[in-house]
Each structure stands twice: as C-alpha cells, then as structure tokens.
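Below is one structure; the comments refer to it alone.
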Amino acid sequence: MALSRRTLLGLAAAVPVSAALAACSGSSGPGKGGAATYWYLNGQPQEGVRAGAVDAFNKANPDKQIEDTTYQNDAYKTKIKTAIGAGQAPTIIWGWGGGTLRAYAEAGQVEDLTPWFDENPDVKKGLFPSSFGAATVDGKIYAMPSETVQPILLYYNKRVFDQVKVDPPETWDDIMALVPKFNAKGIAPFALGGQSRWTNMMWLEFLFDRIGGPEVFQAAIEGEKNAWSHPDAIKALTALQDLVKADGFVKGFSSITADSNADQALLYTDRAAMMLHGAWSYGIQQADGGDFVPSGSLGFMNFPAVEGGKGDLSDTVGNPAQYLSISSKASDEQKKIAKDFFATGVLQEEEVKKWIGNGSVPIRLGTEKLLAASDNAEFLQFTYDVASKAKVFVQSWDQALSPTAAETLLDNIVKLFQLSISPQQFASNLNAVTAA
C-alpha cells in the first residue's frame, strides 16, 4: 500500500512536517531514562487511537515509558528508512510488513520475535491468522500484527448517482459507460490523489487480479522472468490507460495529495462520483464529511468484475494489518518495554472499541458482537466479510515488493497515468527490477 495503505491517512498535523522532523531528531536513541521510543503516522482519527494506546500503557506502567513521535505518511517512509539505515531507529518501528520488513530482517535491523510468540501463544491466538503472512520472513516472525484490516474498496456517492439517474457499476464495462455520463454533468467520475503515487497503484492491483487472477502479480513477486509482460498484465495496464484517456479521473489528479484528504473531499462534496480507497477512508469521510456518512449517502462495494477475467470476485487487495517491529539496536531495557507493550498494550479492549468507533475492523478475533452493536455496523460487517471471505488477500504491492522495486513501481505508475509510457514500457521497466 504504501500506507495508508496504504496506508492510514488522516488530516495533516498541526505541526509542519519540517518542524516535526526537527523536533524528533533526538528521539530515536535511548529515550529519557531508558524509555522506549515509537514513531507512527499522524492524522485523525487514527492518530488519536494510537496515542491513546501509548498513554494507557504509560499510565499503567510508570516505570516502563514509551515516548511517541508522529509523522505524515510520505515523510515517515523517508525518515524511518534513513533512521534504520543509520542505526538510529526508534525502539518500536511502525510499518506495513512485506518486502520492506524482509529487507530489515535480512539486514539484521529488526528482532526475530518468533521465540517471544512461542512464549506468548495467547497473543498470537487472539489475532486474525491472515495478519501474520506479511509479518513473516523465511518462516520467522519479525513483527507484531496490530491495528486494523484494510481492504481497498470502491466508494461511491449515492447523491450524485441519483442526480445523474444511473446505477453503481457491476462490471468494468459499466465503469467505462458511466464516465461520459458523469463528465457530461460536470462531475468527475473518480476522485484520485495521484501525487501520492500509491493511490494510483490500487487501480492496477485490482485490474491485474480481475483480469489475470492473483497468479500474475505472484509471478512478479517470485522474480519470474518477464512476469510483468504477461498478456493479462498488458491488458490490465491498457485498460487503466483507457480509463485515463476517457477522462475517468478528476482534472489535475496528479497534483492532488492523499495526505491532505483532498481526494476524499471531492467525493463527499459531490464533485466526484466514485473513489477507490482503503477501508480507513470511511472514518475520514465520517469525521470530515458533515452529514455525508450519517445521511446514508456513502455507498461501498468490492471492485467489479472485468468481462472474461480470471480473478475471483471475492479477491481483495490492501493491508492485512499494520505491523510493529523492534529495532535490533535498541537496549535490552527498551526491548523489554516494547514486548510488554505488545503483550498488554496493543489491541486492548479500549483501543479495539476506538477502532470500531471510527469505522475500522480491528484484527483481534472475537469482536463480532462489538461490530454488530456499532453505529457503523453495516460498513464494518461489509469490511469484515470482504477481509475474511477473500479467496486471496494481496498485500499492497509497494509493501509486498522490495523497497528498491517498490520505488521503481511507484515512479512508473505515475508515468503510466500521465500516458508518458506505454504498457509495454512499464512492463519492461518493472521486469528489470523484479526478475531474479
């Protein structure tokens, strides 16, 4: 994802990013009096839940303190990579697992948590089994799955659908047929924060799956030669460019950032009809969209079928969880605090209730009754079903791939959306960085 994925994205922090970076430059070391340090993403409503978990742990453990520092999504990705490379990582490293975690593990930068999970079997048993895939490298667990499951969903604005007198799409052909109808009414068919790059990626993730099935991307992950040139991959890349050429996305999408939530605002202010985004978007639209969510104007669905495609309609993509690792450079005391936080401070009852309250599905098992009793029950049950019934749940590509390959992927996705490279050029550029 990256992210928010993708990604969790919220409002920009009140503190400018530059000030936040400067303010925390000293927080990665030992911490005051041996306290553990912890960096994570800012933006409400997610930031408040994360901060609340830290505050609760600190209050319950006066002799084991955690100092937390927050960053905007894109700034965080740069900062954490630099800090880990320089041996200045925080004690607790927030991340998305997958290829980036593999790189950290192979470089000996994060702790092997397998023995700890063996000693604390109840912690593992309480979490979605599917959340451990992206935490595991060569059979060993290097991260604690945490927070929420976040499939990517297709959101739509029921008000503008009613206004234009059309129905939600059931197929890719339906999507293409809706584009001119919304454009004719001055409504962007799709909102997109294209400057953030990973937002564009979500489209390819689904098109690859729906057209070719999960095997096409799996071949790329496994380093198969010319995997990105598979005929179904080229079909998916071509379909995406067809949507761009048809003016499927809001004008100026490549200068809109996801961190600002400007893409979500387009949907809830009736300036866009649809938006492909993560499950975390619901909470943001609920918090920022006035009566949009409470009035029942927000619709949501899984990505539609592509005629003749091989992918199962239940397949989804996104974040199976978020992940907390422990820096191998942390002191024994800091590591002990981090592990105590994993055991007694992560996804405790209060945190679980807060995630559910802001429209998220926590990865803790046994929350069905809480989900059903929530004001957001319909959306939460939908998300729970998408995540739990998916035949395949593909991790966000930029997290599944190695950091180097992910950077090439994101750069080329921008060019693909700007129509400055062809599907064949895209495939060739990606083959060069993923082939074993």
Side-chain angles (χ1 to χ4, degrees), residues 151-194 199-213 216 231-254 256 263-279 281-282 285 292 296-318 379 382 386 413 416-419 422-423 426:
I152 305 303
L153 307 172
L154 182 59
Y155 295 94
Y156 61 97
N157 181 326
K158 293 179 184 176
R159 289 192 299 233
V160 301
F161 269 79
D162 288 346
Q163 183 189 326
V164 181
K165 297 184 173 57
V166 287
D167 295 320
E170 291 180 16
T171 65
W172 181 253
D173 283 352
D174 288 349
I175 283 178
M176 294 302 290
L178 285 170
V179 167
K181 291 176 182 173
F182 284 115
N183 278 327
K185 299 284 186 183
I187 299 164
F190 287 98
L192 180 65
T199 44
N200 305 358
M201 177 183 68
M202 298 186 283
W203 282 92
L204 287 188
E205 289 169 341
F206 268 121
L207 283 169
F208 267 59
D209 176 88
R210 294 296 188 261
I211 290 171
V216 181
D232 286 336
I234 299 298
K235 262 189 210 169
L237 295 162
T238 304
L240 183 278
Q241 287 200 326
D242 288 344
L243 182 59
V244 175
K245 288 171 185 170
D247 293 327
F249 298 103
V250 63
K251 283 195 177 108
F253 67 82
S254 58
I256 296 171
D263 47 356
Q264 332 233 5
L266 290 168
L267 189 71
Y268 63 68
T269 58
D270 304 342
R271 287 176 289 165
M274 296 171 279
M275 176 179 71
L276 193 61
H277 224 302
S281 170
Y282 180 89
Q285 295 183 65
F292 183 59
S297 301
L298 176 64
F300 37 85
M301 59 191 288
N302 210 342
F303 197 86
V306 176
E307 294 78 354
K310 300 173 186 137
D312 192 283
L313 261 184
S314 76
D315 290 354
T316 194
V317 304
F379 178 78
F382 176 79
V386 166
I413 280 175
L416 188 80
F417 269 72
Q418 290 172 345
L419 308 178
S422 67
F426 177 96

Mind checking whether [X] and [Y] have side chains closer than 4.5 Å, heavy atoms only?
X      : Y      : answer
Gln285 : Met275 : yes
Val250 : Arg271 : no
Ile175 : Pro304 : yes
Leu178 : Met274 : yes
Leu192 : Ile256 : no
Val317 : Met202 : no
Leu298 : Leu267 : yes
Trp172 : Ile211 : no

Taking atom [atom1] of [X] and atom [atom2] of [Y], what is their separation to the nearest 0.5 Å?
X      : Y      : atom1 : atom2 : result
Phe417 : Phe426 : CZ    : CZ    : 9.5 Å
Leu243 : Thr238 : CG    : OG1   : 12.5 Å
Leu276 : Ser281 : CG    : OG    : 10.0 Å
Ile413 : Leu204 : CD1   : CG    : 5.0 Å
Lys185 : Gln163 : NZ    : CD    : 7.5 Å
Ile152 : Glu205 : CD1   : CD    : 6.5 Å

Between [X] and [Y], which heavy-atom pair has the shortest distance, and what is it?
X      : Y      : value
Thr269 : Leu266 : OG1-O, 3.6 Å
Asn157 : Ala272 : CB-O, 4.0 Å
Pro169 : Met301 : O-CE, 2.8 Å
Gln418 : Ser254 : NE2-CB, 4.0 Å

**Report entry** Full working for side chain to side chain contact (heavy atoms under 4.5 Å, CB included) between Asp232 and Lys235
**Finding:** CA-CA 5 Å; Asp232 286 336; Lys235 262 189 210 169; 3.8 Å; yes
Query raised in the report: In this structure, which one of Phe292, Phe382, Tyr155, Phe379 forms a ring-ring contact (aromatic ring centres under 6.0 Å, His included) with Tyr282?
Result: Phe379
Is there a donor-acceptor pair closer than 3.5 Å between any side-chain N or O of [X] and the backbone N or O of [Y]?
X      : Y      : result
Arg210 : Ala236 : no
Asp270 : Arg159 : no
Asn183 : Pro180 : no
Gln241 : Leu416 : yes

Report task. Give me the ring orientation class for Phe190 and Phe249: parallel if the planes are under 30° apart, tilted from 30 to 60°, perpendicular past 60°. Result -> tilted
Report task. Go through the steps to decide whether Phe206 and Asp315 satisfy the test side chain to side chain contact (heavy atoms under 4.5 Å, CB included), and finish with yes or no. Result -> CA-CA 9 Å; Phe206 268 121; Asp315 290 354; over 6 Å; no
**Report entry** Asp312-Ser314 side chain donor-acceptor pair, cut-off 3.5 Å
**Finding:** yes
Report task. Might you work through the side chain to side chain contact (heavy atoms under 4.5 Å, CB included) test for Leu237 and Phe208, ending with a clear yes or no? Result -> CA-CA 8 Å; Leu237 295 162; Phe208 267 59; 4.1 Å; yes
Report task. Kindly check if the number of other-residue, nucleotide or ligand heavy atoms within 6.0 Å of CD (Glu170) is above 12? Result -> no
